[in-house]
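Some notes on the structure that comes next.
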2 protein chains.
Amino acid sequence: MLPMPKVVDHAERREELAGALWRLVMREGIEAASVRRVAAEAGWSPGSLRHYFETRSELLAFAMELVVQRVTQRVVALGLAAEPRLLLHEVLPLDAERRAEMQVWLAFTMQALVDPGLRALRERAHADLRALCRRAVDLLGGSTDPDRDAEQIHALVDGLALHAVLDPAVTTPERQVELLDARLG
Amino acid sequence: MLPMPKVVDHAERREELAGALWRLVMREGIEAASVRRVAAEAGWSPGSLRHYFETRSELLAFAMELVVQRVTQRVVALGLAAEPRLLLHEVLPLDAERRAEMQVWLAFTMQALVDPGLRALRERAHADLRALCRRAVDLLGGSTDPDRDAEQIHALVDGLALHAVLDPAVTTPERQVELLDARLG
């Protein structure tokens, strides 16, 4: 009798690899995220990893896409009918887990400037966040220039997220919310 | 007769290496900024480079410090008695050269999260920009919470700089100024 083939949940194994990649990026930066190092961090052989991702760029794109999915799920879970303020709070790194996610995201963002395989994904995430800011401006009402206001709020949200990653003791979750809400009026 | 020793301008040679490092970071990201690659990009041997910088971290710190010096020189050249709006415009990436400088700076910023040798420099630059924002708020007057306003403007300035690097066709120099001035009131 032949041995039963092991049932493998491919989605789960891909996410396991992405998790290993995130940990490396947080500890050592994007340069540590090579096929060899990610495989070692996950306890896999490089060959097994290549069964899932043929190139480093594919692996990075998958790990980056997972960050986008997480943020999107949080916004969708809240519902688009939610208070505009709360929608925007969902994209701020308001706890340690989301701060880690944001650190990884910023590293991917810079990498996307030099890796064409990541560019489309980064541009889509940027456009989605811009659209969310525009939606918040429309829901809040009273803007004489909603495009300009959406762009300004988008820059503020990204600046706050950057500062929360760089200086979490000053740009605390409470302070992020306070500074954003002060702008939303 | 002994040959005359070649007169070497050490500051100039260090800046030459920093320039090679910047070019690599812009083209390939921070991971390309190894001693070996920077030496090759500058047309030096790794041994000659090590005469100036013993470690990669020292080389990165020097190249990062040069960015800070450039921005500081621009602000100082304007004079601290300048109109607060103009002081803050000086830190925005309002032309291709400053956009390149900002791309390199953001790469260094992320690297500083994982390289302790860069941390103090990044923190000082962050504190200096915060102080400049606070000064602008004081000069503009009329704030009921100048600390909060300075933090918010700082986040906006950094967010605009990030967007200018990521999406220069949308976050143009004119748009950066417009979005910042709209906040300054």
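Chain naming here is simple, since letters A, B, ... match the order of the sequence lines and numbering starts at 1 in each. Atoms considered below: every heavy atom in the structure, side chains included; atoms not considered: hydrogens, waters and symmetry mates.
For chain B, the nearby parts of Arg183(A) are the backbone and the side chain; heavy atoms of each come within less than 4.5 Å. Only the side chain of His126(B) comes within less than 4.5 Å of a heavy atom in chain A; its backbone stays farther off. Contact annotation for Val165(A): both backbone and side-chain heavy atoms come within less than 4.5 Å of a heavy atom of chain B. Interface remark: Ala32(A) contributes no atoms to any contact with chain B (heavy atom separation under 4.5 Å).
Within a 6.0 Å radius of CZ in Arg74(B), more than 12 heavy atoms belonging to other residues, nucleotides or ligands are found. Within a 6.0 Å sphere centred on CD of Glu12(B), other residues, nucleotides and ligands contribute 12 heavy atoms or fewer. By the 6.0 Å contact criterion, CZ on Arg36(B) is open, its count of non-hydrogen atoms from other residues, nucleotides or ligands being 12 or less.
Asp158(B) CG to Leu156(A) CG: the interatomic distance, rounded to the nearest 0.5 Å, is 11.0 Å. To the nearest 0.5 Å, atom OG1 of residue Thr109(A) and atom CG of residue Leu162(B) are 7.0 Å apart.
Side-chain contact between Arg148(A) and Leu179(B) is present, with heavy atoms from C-beta onward closer than 4.5 Å.
When each of Ala161(A), Ala155(A), Gly159(A), Ala107(A) is scored by its heavy-atom pairs under 4.5 Å with chain B, the top score falls to Ala155(A). Counting heavy-atom pairs under 4.5 Å between each of Arg175(A), Gln103(A), Met110(A), Glu28(A) and chain B puts Arg175(A) at the top. Between chain A and the residues Leu106(B), Asp115(B), Val170(B), the largest count of heavy-atom pairs under 4.5 Å involves Leu106(B). Most heavy-atom pairs under 4.5 Å with chain B, from the set Gln111(A), Arg27(A), Glu151(A), Met26(A): that is Glu151(A). Most heavy-atom pairs under 4.5 Å with chain B, from the set Glu178(A), His154(A), Glu123(A): that is His154(A).
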All N/O donor-acceptor pairs, side-chain side in residues 136-143 of chain B, below 3.5 Å, sequence neighbours left out:
residue, atom, partner, partner atom, Å
Asp138(B), OD1, Arg134(B), NE, 3.1
Asp138(B), OD2, Arg134(B), NE, 3.3
Ser143(B), OG, Asp145(B), N, 3.1
Ser143(B), OG, Asp145(B), O, 3.4
Ser143(B), OG, Asp149(B), OD2, 2.6

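Arg122(B) places a side-chain N or O within 3.5 Å of a backbone atom of Leu166(A) that can act as its donor or acceptor partner.
For residues 43-67 of chain B, the interface with chain A (any heavy-atom pair closer than 4.5 Å) comprises Arg56(B), sorted by residue number.
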